[in-house]
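We count residues from 1, following the sequence as given.
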Amino acid sequence: MPTLLSSASADLDAVVEFDPVIIGKMSQSGPRYTSYPTADRFSADFGYGNFLEALAALRMRGGRRPLSLYVHVPFCDTLCYYCACNKIITKDRSKAATYLSYLKQEIAMQGKLFAGMNQIEQLHFGGGTPTYLSEKQMDELMLHLRQHFEFASDEDGEYSIEIDPRTVSRERVFSLRAQGFNRISLGVQDFDADVQKAVNRIQPEAETVAIMQAARDAGFRSVSIDLIYGLPKQNLETMTETLRKVISASPDRIALYHYAHMPHLFKPQRRILDADMPDSATKLAMLGLCIARLTAAGYVYIGMDHFAKPTDDLAVAQRQGRLHRNFQGYSTRAEADLIACGVSAISSVGAVYSQNEKTLDAYYEKLDEGVLPIARGIKLDTDDLLRRIIIQMLMCNFELSIATIEQAHPVKFRSYFAAELEKLRELARDGLLVIEEDWLTVTPKGRLLIRNICMVFDRYLTQARANAAPDAVQPLRYSKTV
């Protein structure tokens, strides 16, 4: 029987209906839609010149828009077997010093290009492990950023950093706050000792809780943690205990990710034993358990894999219709251009996406040539822009105003998306959404399968499947939708 899971927040209209039969039937590989078109559609034909053209178009439009800035620090001390991020495992700190010099060069170039146009309202440091940089290196980097970009005040801006609790002290947490960060995200994944050993990430609960408390004492506005379900050695009992500890620690936000086991793509995952992996039924049951426990504890289910306290900015942004989705997941700044600096980082500026070189040597080589280290990207056409806004609305608001789309774009929705509506009617028969004259509304049952619904509007995915041979084995590029 389906289970209704509602937030304890009285002002949360939506509820999540967990239907294991429908989820089991519908779960498939699919994009997470941190962008549309998705990154696997980027082309090497896109280069530095295309990025400059997009920037020139922004200047012609005039005015100032909010700007987000992402900084990628790829280094880690140790290897976590589950990790699929772009990272470099090394204890040679000189590599970070070299990288930092090139990163500063890229930041200076971007700062010059955007001079006078935008104000940074969001900053996010990701990795790797950003705190692999020493306190002195972080001081220098933050000073360099402020020399080349204008930042909103601490009160108005969201400045976040991802940390590994095993690598920082209480004093370092206070230092990060003094350096300008006001939001902090901790990688936890699981508190069970056997699970931690299986993924090579030993992290005592007391150590993590102490860093969370240090962040609160230092004045961070939000403390977030990341969890993963589907890891080796996990089961309902271990997950129940981890959730108990998480709820007791009371983070402001929780990101709950489904572990995508793709050892053919990510070599570190080959160290995970297949025999230790939970089966599909167990993973599905763990997801249901997580949703039930977290919503019962008062967390708002934001969407897909994110939960937040009702008072957190993320939940407030969703209630106010300001929620956005980008390469860092859900965001409170809708329609902000995103500049991304560092190896493999992806920018979203105007109507283009651009991705930096993925290896240090290629990244350094481009910067030595005096150009941005862009390796590939894509320029969005009018159809891409239309589908991007539709997917954004569905992912963030779980509803779509057909009238609004028709007012903003020169299309008749029902004729332009006739084929898509046929597919949506199939999902509607399964109870995932309601199709009305002027609205598409995702149901409580459909919220967990929002990626499936958005995939209907993905023209590239539809074309790829249509062009594939009937008996062809498709490579696994994406994680399961649930």
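The main-chain N or O of Met277 is never found under 3.5 Å from a side-chain atom of His261 such that the two would form a donor-acceptor pair. A donor-acceptor pair is defined here as one N or O able to donate and one able to accept, closer than 3.5 Å; no such pair exists between the side chain of Arg271 and the backbone of Tyr81.
Under the side chain to side chain contact (heavy atoms under 4.5 Å, CB included) criterion, Thr462 pairs with Lys423, not counting sequence neighbours.
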Pair Met395-Leu323, side chain to side chain contact (heavy atoms under 4.5 Å, CB included): steps then yes or no: CA-CA 9 Å; Met395 293 289 285; Leu323 197 65; over 6 Å; no

Dump the intermediate steps for side-chain hydrogen bond (donor to acceptor under 3.5 Å, both in side chains) on Asp40 and Thr38, then the final yes or no. CA-CA 6 Å; Asp40 55 322; Thr38 51; 2.5 Å; yes

Please lay out, stage by stage, how Val199 and Asp190 fare under the test side chain to side chain contact (heavy atoms under 4.5 Å, CB included). CA-CA 10 Å; Val199 298; Asp190 195 293; over 6 Å; no

Between Ile272 and Tyr259, is a side chain to side chain contact (heavy atoms under 4.5 Å, CB included) present by the stated rule, with each step listed? CA-CA 12 Å; Ile272 292 176; Tyr259 170 59; 3.3 Å; yes

For side-chain hydrogen bond (donor to acceptor under 3.5 Å, both in side chains), just list the numbers for Glu17 and Thr443, CA-CA rounded to whole Å, side-chain angles, deciding distance to a tenth of an Å, and then say yes or no. CA-CA 8 Å; Glu17 186 176 329; Thr443 65; over 6 Å; no

Show the numbers, then the answer: is there a side chain to side chain contact (heavy atoms under 4.5 Å, CB included) between Gln234 and Thr242? CA-CA 10 Å; Gln234 277 183 338; Thr242 287; over 6 Å; no

Working note: His124 + Glu158, criterion side-chain hydrogen bond (donor to acceptor under 3.5 Å, both in side chains); need CA distance, chi angles, decisive distance, verdict. CA-CA 8 Å; His124 185 82; Glu158 292 187 356; over 6 Å; no

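In this structure, Tyr159 and Leu176 have side chains that are not in contact, with every pair of non-hydrogen atoms separated by 4.5 Å or more. Looking only at side-chain heavy atoms (C-beta outward), Ile211 and Ile163 come within less than 4.5 Å of each other. A heavy-atom distance below 4.5 Å is not found between the side chains of His258 and Ser27. With a 4.5 Å cut-off on side-chain heavy atoms, Leu360 and Lys95 do not count as touching. Side-chain contact check for Val73 versus Glu162: every heavy-atom pair is 4.5 Å or farther apart. Annotation: side chain of Lys197 is in contact with side chain of Ile202 (closest heavy-atom distance under 4.5 Å). With contacts defined as side-chain heavy-atom distances shorter than 4.5 Å, the pair Glu241/Glu237 does not qualify. Between Thr441 and Leu433, every side-chain heavy-atom pair lies at or beyond the 4.5 Å cut-off.
Between His306 and Tyr257, the angle of the ring planes goes over 60°, which puts this pair in the perpendicular group of the 30/60° scheme. Ring pair Tyr353/Phe42 is parallel by interplanar angle, where below 30° counts as parallel and above 60° as perpendicular. The aromatic rings of Phe125 and Phe181 sit perpendicular to each other, their planes meeting at more than 60°, with 30° as the lower class boundary.
Expressed to the nearest 0.5 Å, how far CG of Asp217 lies from CZ of Arg177 amounts to 13.0 Å. Between atom CD of residue Glu207 and atom OG of residue Ser169 there is a gap of 11.0 Å, rounded to the nearest 0.5 Å. For the atom pair CG of Leu289 and CG of Leu236, the computed distance is 6.0 Å after rounding to the nearest 0.5 Å. Atom CE of Met286 is separated from atom CG of Leu231 by 8.0 Å, given to the nearest 0.5 angstrom. Atom-to-atom distance recorded for Asp252:CG and Lys309:NZ is 5.0 Å, nearest 0.5 angstrom. With values rounded to the nearest 0.5 angstrom, Met455 atom CE is found 10.5 Å from Ile391 atom CD1.
Ala215 and Val223 get closest at one heavy-atom pair: CB-CG2, 3.9 Å. Nearest heavy atom pair, residue Gln269 against residue Ala84, reads NE2-CB, 4.4 Å. The minimum heavy-atom distance linking Glu357 with Ala362 is given by the pair OE1-CB, 3.5 Å. Across Thr78 and Lys91, no two heavy atoms sit closer than the pair CG2-NZ, 4.3 Å. Nearest heavy-atom pair, Leu284 versus Phe18, reported as atom, atom and distance to 0.1 Å: O-CZ, 3.2 Å. Summarising the geometry of Ala340 relative to Asn356, their closest heavy-atom pair is O-ND2, 3.8 Å, with the distance given to 0.1 Å.
Checking Asp226, Asp164, Asp192 one by one against Arg201, the salt bridge (charged side-chain N to carboxylate O under 4.0 Å, His left out) holds for a single residue, Asp164.
Residue-environment remark: NZ (Lys283) exceeds the threshold of 12 foreign heavy atoms within 6.0 Å. No more than 12 heavy-atom neighbours from other residues, nucleotides or ligands sit within 6.0 angstrom of NZ on Lys358.
Here Asp312 pairs with Arg253 in a salt bridge; the nearest charged N to carboxylate O distance falls below 4.0 Å. Under the 4.0 Å criterion applied to side-chain N and carboxylate O atoms, Arg166 and Asp77 are not assigned as salt-bridge partners. In summary, Arg183 and Asp313 engage in a salt bridge, as defined by a charged side-chain N under 4.0 Å from a carboxylate O.
Checked against the 6.0 Å centroid threshold, Phe457 and Tyr36 do not count as a close aromatic pair. Between Tyr299 and Phe307, the distance from one ring center to the other does not fall under 6.0 angstrom. Residues Tyr102 and Tyr363 place their aromatic rings such that the two centres sit no closer than 6.0 Å.
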